[in-house]
**Student:** 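Once you've had a glance at the structure underneath, I'll fire off some questions.
Scope of the values below: all heavy atoms of this structure, side chains included, with no hydrogens, waters or symmetry mates.
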There are 2 protein chains.
Amino acid sequence: MKSLQGFLKLISEETRLRVMMLLNEEALCVCELEAILDVPQPRVSKILSKYRDLGLVIDERKGKFIYYKLDLKDPLHQTIVSSIKEKRDTIEQLSIDYQRMLKKEEILNACQGSPTNVDGPSD
Amino acid sequence: MKSLQGFLKLISEETRLRVMMLLNEEALCVCELEAILDVPQPRVSKILSKYRDLGLVIDERKGKFIYYKLDLKDPLHQTIVSSIKEKRDTIEQLSIDYQRMLKKEEILNACQGSPTNVDGPSD
DNA sequence: CTTTCACATTCCATTATATGCATATGTTAA
DNA sequence: TTAACATATGCATATAATGGAATGTGAAAG
């Protein structure tokens, strides 16, 4: 119950849900999330720390950047995320975020290194 | 988004989720919920009022009692509830609640009329 | 070693949420 | 009309969530 409740509480807040849906697609670093979602960096970090507390993400450093990706071990969590993803087209904000993620190179003024623009971060 | 967010926020609180899972099984009145969940009546009423605000329940008076049942119009909401129900056995509190609901006649000291004990409320 | 930069964290004010208790409402039944 | 009971709501307060600004940390690159 605690696991489910913590999970639901996490995604009950809009920005946190948006983060989950993006990290469910691919690994992203803080500055990419900051740019895609257009929210301040400390807020992104705080959100990710909640994910970390619940053990829902894996982080991996690549050069200057730390990439986060979803790591849902609970099948129920996976099912819920999948069912939301299936309806993504019908949820405007999630669609927008997804489109922005696909074109993130164009909006990555946030990170100086523009990690996705270079042919691979120095790792 | 608002619909999904409101829904997730609603079930992000334990007692409210417990109510949802019960009302997903059958129509129940306030005093039955009070007895099954073992929470004070005003709290049950307040929870149901949130459901009403979001248009997620239908209420029907039968004699002295008002029976509530889930009325999920959004397929995504339905999918989420179904997926939780599928895992109910693995979530202790939800299992307990369900068992208590099946045997609610034995614990219905809360409602004087014991609605489920009589052969049908006077409606 | 020092600077830079990505990221994390703390502090603080604001706002929201939870919940117990008392009480109001409204229906039923006498 | 009144009494009884199911349900709803108001109020007060405890508690916590939210978010912005400033600052801390630590890896990387020079």
**Student:** Is atom CG of A:Asp53 surrounded by more than 12 heavy atoms (other residues, nucleotides or ligands) closer than 6.0 Å?
**Tutor:** yes
**Student:** Applying the side-chain contact (heavy atoms from CB on, under 4.5 Å) criterion to B:Leu70, which one of B:Ile58, B:Val57, B:Leu22, B:Val19 satisfies it?
**Tutor:** B:Val57
**Student:** Taking atom NZ of A:Lys73 as the centre, report whether more than 12 heavy atoms of other residues, nucleotides or ligands fall under 6.0 Å from it.
**Tutor:** yes
**Student:** Starting at the 5' end of DNA chain C and moving along, which residue's nearest nucleotide shows up first, B:Thr15 or A:Tyr68?
**Tutor:** A:Tyr68
**Student:** To the nearest angstrom, how far is B:Lys50 atom NZ from C:dT19 atom P?
**Tutor:** 10 Å
**Student:** Flag the pair B:Arg88 and B:Glu25 as a salt bridge only when some basic side-chain nitrogen lies within less than 4.0 angstrom of an acidic carboxylate oxygen.
**Tutor:** yes
**Student:** Nearest of D:dA28, D:dA8, C:dA8 to any side-chain atom of A:Pro42?
**Tutor:** C:dA8
**Student:** What is the distance, to the nearest angstrom, from the CD1 atom on B:Ile66 to the C1' atom on C:dT28?
**Tutor:** 12 Å
**Student:** Could you tell me how far apart A:Glu32 (CD) and C:dA6 (C1') are, to the nearest whole angstrom?
**Tutor:** 12 Å
**Student:** Salt bridge or not for A:Glu13 and A:Arg43, using N-O below 4.0 Å?
**Tutor:** yes
**Student:** Figure out the OH/P separation between B:Tyr67 and D:dA6, and round it to whole Å.
**Tutor:** 11 Å
**Student:** Nearest to the side chain of B:Lys46 - D:dG19, C:dC7, D:dC11?
**Tutor:** D:dC11
**Student:** Could you tell me how far apart B:Glu14 (CD) and C:dT17 (P) are, to the nearest whole angstrom?
**Tutor:** 19 Å
**Student:** Let's see if you can work this out: which of D:dT7, C:dA6, C:dA8 has an atom nearest to the side-chain heavy atoms of A:Gln41?
**Tutor:** C:dA8
**Student:** Checking all strands, does B:Glu13 fall into the base, sugar-phosphate, or nothing category for heavy-atom contacts under 4.0 angstrom?
**Tutor:** sugar-phosphate
**Student:** What is the separation between atom CZ on A:Arg61 and atom C1' on C:dA6, rounded to the nearest whole Å?
**Tutor:** 7 Å
**Student:** So which nucleotide from C:dC7, C:dT19, C:dA6 ends up closest to the side chain of B:Arg43?
**Tutor:** C:dT19
**Student:** Choosing from D:dA8, D:dT7, D:dC5, which nucleotide comes nearest the side chain of B:Arg52?
**Tutor:** D:dA8
**Student:** Among the nucleotides D:dT18, D:dA6, C:dC7, which one has an atom lying closest to any side-chain atom of A:Arg16?
**Tutor:** D:dT18
**Student:** From the set C:dA8, D:dT9, C:dT27, return the single nucleotide nearest to any side-chain atom of B:Ser45.
**Tutor:** D:dT9
**Student:** Between D:dA8, C:dC7, D:dT7, which one does the side chain of A:Phe65 approach most closely?
**Tutor:** C:dC7
**Student:** In whole Å, what is the span from the CD1 atom of B:Ile47 to the P atom of D:dT9?
**Tutor:** 14 Å
**Student:** From C:dA8, D:dT7, C:dT17, pick the nucleotide closest to the side chain of B:Lys9?
**Tutor:** C:dT17
**Student:** Starting at CG of B:Asp59 and ending at P of C:dT27, how long is that distance when rounded to a whole Å?
**Tutor:** 12 Å
